[in-house]
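Notes follow once the structure below has been shown.
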Amino acid sequence: MATPMSGDGEDAQRDSTGLTGEQIALILTEVTSLKKAIVKRDDEIVEMMAKRSRERQHTFVRPGNQSQYDFTDAVLGQVQALRGLKRGDLEESAPAVHALEKAAEMLERRMRLIRIADRSEYGWAVVAEYETDELALDSGDEKKISRAEENG
């Protein structure tokens, strides 16, 4: 039930909370925006968990590689949690956001290399050969890995 109230010489239509229609609209807009951000973040978390679940299906042959992978995966989880803050607290800190993005990329690459080393009979020698080619992440990956194993 809206009642006219005067304040600072102006008459504004206010509801029973003392807020104007314009203030209520602004609050609703902000709440809607926050809700969308939360839903988007939840979707990202579900996607990240699904990806990690798929990656965990790999059974490591060498215990040392398993240890390296688990540690890298744990650090990546922390970096990804921090990356989620960029929509809020870190939004104004572009260098920090960029650093987190780069760190996540580096960790994901390291995890990939650990899986390659573990899969190959020649272990880290294959990774060393694999890394010598800057284009190793393109569609020729399998050929490059096979060639490295043959040269092993």
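Predicted model only: the values in this text are computed from it and were never measured. Position 1 is the first residue of the sequence; numbering continues from there.
Under the 3.5 Å distance criterion, the side-chain polar atoms of Gln23 are matched with a main-chain donor or acceptor of Thr20. Ser120 places no side-chain N or O within donor-acceptor distance of the main-chain N or O of Ile116, the cut-off being under 3.5 Å. Proximity of a side-chain donor or acceptor of Ser33 to a complementary backbone N or O of Thr29 within less than 3.5 Å is not detected. Here the side chain of Arg62 pairs a donor or acceptor atom with the backbone of Ala117 at under 3.5 angstrom. The closest donor-acceptor contact from the side chain of Asp118 to the backbone of Asn65 lies at 3.5 Å or more, if one exists at all.
Looking at residues two or more places apart in sequence or on another chain, you find a side chain to side chain contact (heavy atoms under 4.5 Å, CB included) between Ile27 and Leu19, Val31.
Distance check: Asp70 CG to Met111 CE gives 8.5 Å after rounding to the nearest 0.5 Å. How far CG of Leu107 is from CZ of Arg109: 12.5 Å, rounded to the nearest 0.5 Å.
Residues Val79 and Phe71 share a single hydrophobic cluster, defined by chaining ILVMFWY side chains whose heavy atoms lie under 4.5 Å apart.
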Practice prompt. Determine, step by step, whether Phe60 and Arg115 satisfy the side-chain contact (heavy atoms from CB on, under 4.5 Å) criterion, reporting the C-alpha distance in whole Å, the side-chain angles of both residues, the deciding distance to 0.1 Å, and the verdict.
Written response: CA-CA 8 Å; Phe60 286 88; Arg115 288 192 311 268; 4.1 Å; yes

